[in-house]
Amino acid sequence: MAQKPSIPKGTRDFSPLEMIRRNYIFDTIRNVFLNYGYQPIETPAMENLSTLTGKYGEEGDRLLFKILNSGDFLKKTNLDDFANPNINNITSKICEKGLRYDLTVPFARYVVQNRNDITFPFKRYQIQPVWRADKPQKGRYREFYQCDVDVIGSNSLINEVELILIIDEVFVKLGINTTIKINNRKILSGIAEIIGEADKIIDITIAIDKLEKIGLEKVNEELEAKGLSQDAIDSLQPILNLEGLLKDKFPKLMEILADSEVGMKGIYETMTVLKHLKELNLKNKWSLDLTLARGLNYYTGAIIEVATDDMKIGSICGGGRYDDLTGIFGLPDVSGVGISFGADRIYDVMNELDLFPKEGLQTSQAMLVNFGSEEEKYCLKILKEIRDKGISAELYPDSAKMKKQMKYADQKSIPFVILIGVEEMESGLFTLKNMSTGEQQKVDMDQLIKILKK
RNA sequence: GUGGAUGUAGCUCAGUUGGUUAGAGUACUAGAUUGUGGUUCUAGGUGUCGCCGGUUCAAAUCCGGUCUUCCACCCCA
């Protein structure tokens with residue numbers, strides 16, 4: 001054998017069984033999206049690098065897959081570029097395209113580009129793969145599918161509520177127990193403002209986000225390392241320690257954030273959303289989590305993240321509101337909010353917990369045994385009649401040994417085998433074999449159809 | 001990007017302190033069964049021991065590099 005072929009790191013092939021299960025996830029999610037009035041779009045796998053860079057933070061830029069210019073990709077470079085190599089400088093000269101990192105930024109670009117043809121508020125869903133040059137591990141791939149729903153051009157908090165309803169419905173349908181965590185970037189901004197470190201908002205949120213994972217002490221260490229003053233860290237403590245019931249949390253928060261306009265706005269927004277949720281009887285658990293931060297830079301309002309309690313795999317759904325994503329592309333004052341389901345992680349969870357429906361592979365309902373060229377001709381006509389009745393059927397393509405043909409039907413779990421040889425051709429009857437019981441009977445076309453239709 | 005583990009038949013895995021010809025199960029192919037699958041029996045390919053290099057009389061085994069997969073960090077779906 002020659003060199004074994006392989007696929008790039010972090011990418012995967014999907015077998016027929018895996019595809020059936022993946023499609024089950026996609027179909028379930030898509031149907032919920034449609035039910036809530038969202039419409040599909042697709043965008044290209046690659047975008048201009050200028051569309052992508054700077055939208056995801058420093059880490060995000062590092063994880064962008066860049067595409068080498070076609071043709072003589074060195075023609076814009078000169079010897080000086082290589083004498084004192086600067087990766088960013090060289091990259092900008094040899095790459096002008098990149099693979100999409102998520103679906104939200106391309107969506108914002110789409111909205112700006114098509115603004116005259118879009119009726120706002122625009123509710124769209126999009127199910128496509130995205131690529132990240134990350135180091136693969138469990139639940140982390142370099143190519144994976146996101147299922148995004150966003151509504152853009154509406155400030156109403158009803159949108160947030162509806163998106164959370166979608167989350168609840170999708171995971172009920174898939175049978176996954178989840179906790180939906182909700183927070184608001186404005187609250188986080190307010191906190192940063194109150195402790196006098198407004199410019200360090202990103203460092204603060206990233207550190208706070210780790211609270212559950214590494215504990216209060218380590219978080220404080222990290223804050224100190226990022227250059228926060230001891231005073232600021234001290235005044236942050238009451239917030240980090242804020243636990244208990246919702247009705248207790250809010251008054252305390254309002255007290256702390258009373259002097260911050262943004263902070264108060266964030267509290268108002270969050271309270272409005274949570275009030276609605278209380279009325280709506282969600283099946284999944286949900287909670288206000290002040291430590292939820294989310295790394296993506298463009299969020300400005302509500303932020304949402306969903307994890308399952310039954311498996312350690314990170315978040316399986318996340319999103320939030322972004323007020324100025326289209327502004328970057330030249331269309332200001334259009335706010336959007338959306339969430340993204342991670343289909344591949346959802347697959348891993350369902351696989352681990354054995355949540356897929358038990359139906360096996362979809363196969364033909366019946367297989368006709370191939371006895372030779374005369375029988376083949378006869379069988380093709382029979383086959384057409386069967387298929388015209390809406391029954392999936394196939395003829396074994398070669399007149400191989402009976403044993404081989406039976407084995408094929410057995411392994412593909414085809415429930416019925418039809419034998420048509422010389423004898424059957426003369427009598428006009430078919431020999432029908434039930435593969436699970438092993439029983440055989442002679443039937444005419446009407447009886448055959450009747451049995452196969454069951 | 002940092003640190004750690006891993007790689008042997010298509011698949012799941014054995015393989016002793018370096019030692020001569022590399023193993024089991026399963027899957028696969030043929031036959032027992034020329035118009036009958038699953039169970040059974042028999043016979044058989046199962047192989048660059050991830051890849052490249054080094055040490056040695058001798059390397060699956062020791063050393064270095066590289067790639068893959070997995071784990072932790074970072075970050076994220």
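Spacing between atom NZ of A:Lys210 and atom C1' of B:C75 amounts to 9 Å, rounded to whole angstrom units. For the pair A:Leu63 CG and B:U2 C1', the computed distance is 14 Å after rounding to whole Å. Rounded to whole angstrom, the span from the CD atom of A:Glu424 across to the P atom of B:U36 amounts to 13 Å. Rounded to whole Å, the distance from CZ on A:Arg140 to P on B:U69 is 14 Å. Rounded to a whole Å, the CG atom of A:Asp344 is 18 Å from the P atom of B:C76. Here the P atom of nucleotide B:G38 and the CE atom of A:Met367 are 14 Å apart, to the nearest Å. Nucleotide B:C75 holds its P atom 11 Å from the CZ atom of A:Arg62, rounded to whole Å. Here B:A77 presents its C1' atom at 9 Å from CD1 of A:Ile346, a figure rounded to the nearest Å.
The shortest non-hydrogen separation linking A:Leu188 to A:Leu290 is CD2-O, 3.7 Å.
With a 3.5 Å limit on both pairing distances and Watson-Crick or G-U wobble geometry required, the stems of 3 or more pairs in RNA chain B span B:1-5 with B:69-73, B:10-13 with B:23-26, B:28-32 with B:40-44, B:50-54 with B:62-66.
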Measure all distances between protein nitrogen or oxygen atoms and nitrogen or oxygen atoms of nucleotides 27-30 of chain B, and list the pairs falling under 3.5 Å.
from, atom 1, to, atom 2, distance (Å)
B:C28, OP1, A:Gln411, NE2, 3.0

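Of all nucleotides listed (B:U68, B:G37, B:G35), B:G35 comes nearest to the side chain of A:Leu419. Comparing B:A77, B:G35, B:C74 against the side chain of A:Arg345 picks out B:A77 as the nearest. Of the listed nucleotides (B:G37, B:A77, B:U69), B:U69 has the atom at the smallest distance from the side chain of A:Lys9. The side chain of A:Phe371 lies closest to B:G35 when the candidates are B:U36, B:G35, B:G38. Among the nucleotides B:A72, B:C70, B:A77, the one closest to any side-chain atom of A:Ser315 is B:A77.
At a cut-off of 3.5 angstrom, counting only N and O atoms as typed in the model, there is no donor on one side facing an acceptor on the other between the side-chain of A:Arg132 and the base of B:C76. Side chain A:Gln405 to base B:U36: no donor-acceptor pair is found below 3.5 Å. If you check distances only, the side chain of A:Lys135 does reach the base of B:U2 with a donor-acceptor pair under 3.5 Å. For A:Glu375 and B:G35, a side-chain-to-base donor-acceptor distance below 3.5 Å is absent, hydrogens and geometry of angles not being considered. In this model, no side-chain donor or acceptor of A:Lys403 finds a partner on the base of B:U36 within 3.5 Å.
A:Glu143 comes within 4.0 angstrom of no nucleic acid atom, judged by non-hydrogen atoms across all strands. Backbone-only contact: A:Gly10 has heavy atoms under 4.0 Å from sugar-phosphate atoms and none from a base. At a threshold of 4.0 angstrom between heavy atoms, the contacts of A:Gly60 with the nucleic acid are absent. In this structure, A:Gln146 reaches the sugar-phosphate backbone alone: every heavy-atom distance under 4.0 Å involves primed, P, OP1 or OP2 atoms, never a base. Looking at heavy-atom distances under 4.0 Å, A:Gly421 makes contact with a base.
For the side-chain contact (heavy atoms from CB on, under 4.5 Å) test, residues two or more places apart in sequence or in another chain that qualify with A:Ile67 are A:Met46, A:Lys97, A:Leu99. Residues satisfying the side-chain hydrogen bond (donor to acceptor under 3.5 Å, both in side chains) test with A:Arg12, not counting sequence neighbours, are A:Asp344.
Listed by first and then second residue, the ring-ring contact (aromatic ring centres under 6.0 Å, His included) pairs involving residues 205-229 of chain A amount to none (not counting sequence neighbours). Applying the ring-ring contact (aromatic ring centres under 6.0 Å, His included) definition to pairs two or more places apart or across chains, those involving residues 144-164 of chain A are A:Phe26-A:Tyr145. Judged as a ring-ring contact (aromatic ring centres under 6.0 Å, His included), the pairs with a partner in residues 154-190 of chain A (not counting sequence neighbours) are, in order, A:Phe171-A:Phe341. For residues 409-454 of chain A, no residue pair satisfies the ring-ring contact (aromatic ring centres under 6.0 Å, His included) rule, not counting sequence neighbours.
Side-chain contact between A:Pro415 and A:Met435 is absent, with no heavy atoms from C-beta onward closer than 4.5 Å.
Side-chain N/O atoms of A:Asp150 and A:Gln126 include no donor and acceptor closer than 3.5 Å. Between the side chains of A:Asp309 and A:Thr179, a donor-acceptor pair is found at a separation under 3.5 Å.
Aromatic stacking of A:Phe341 on B:A77: not satisfied for centres closer than 5.5 Å together with planes under 30 degrees.
Taking the nucleotide of RNA chain B with the nearest heavy atom to each of A:Arg142 and A:Thr431, the more 5' of the two is matched to A:Thr431. The residue among A:Gly139 and A:Met402 whose nearest nucleotide of RNA chain B lies closer to the 5′ end is A:Met402.
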Would you be so kind as to tabulate the donor-acceptor pairs closer than 3.5 Å made by side chains of residues 393-406 of chain A, with sequence neighbours excluded?
from, atom 1, to, atom 2, distance (Å)
A:Glu394, OE1, A:Tyr408, OH, 2.9
A:Glu394, OE2, A:Ser364, OG, 2.7
A:Glu394, OE2, A:Lys412, NZ, 3.2
A:Gln405, OE1, A:Asn370, N, 2.7
A:Gln405, NE2, A:Asn370, O, 2.8
A:Gln405, NE2, A:Ala400, O, 2.8

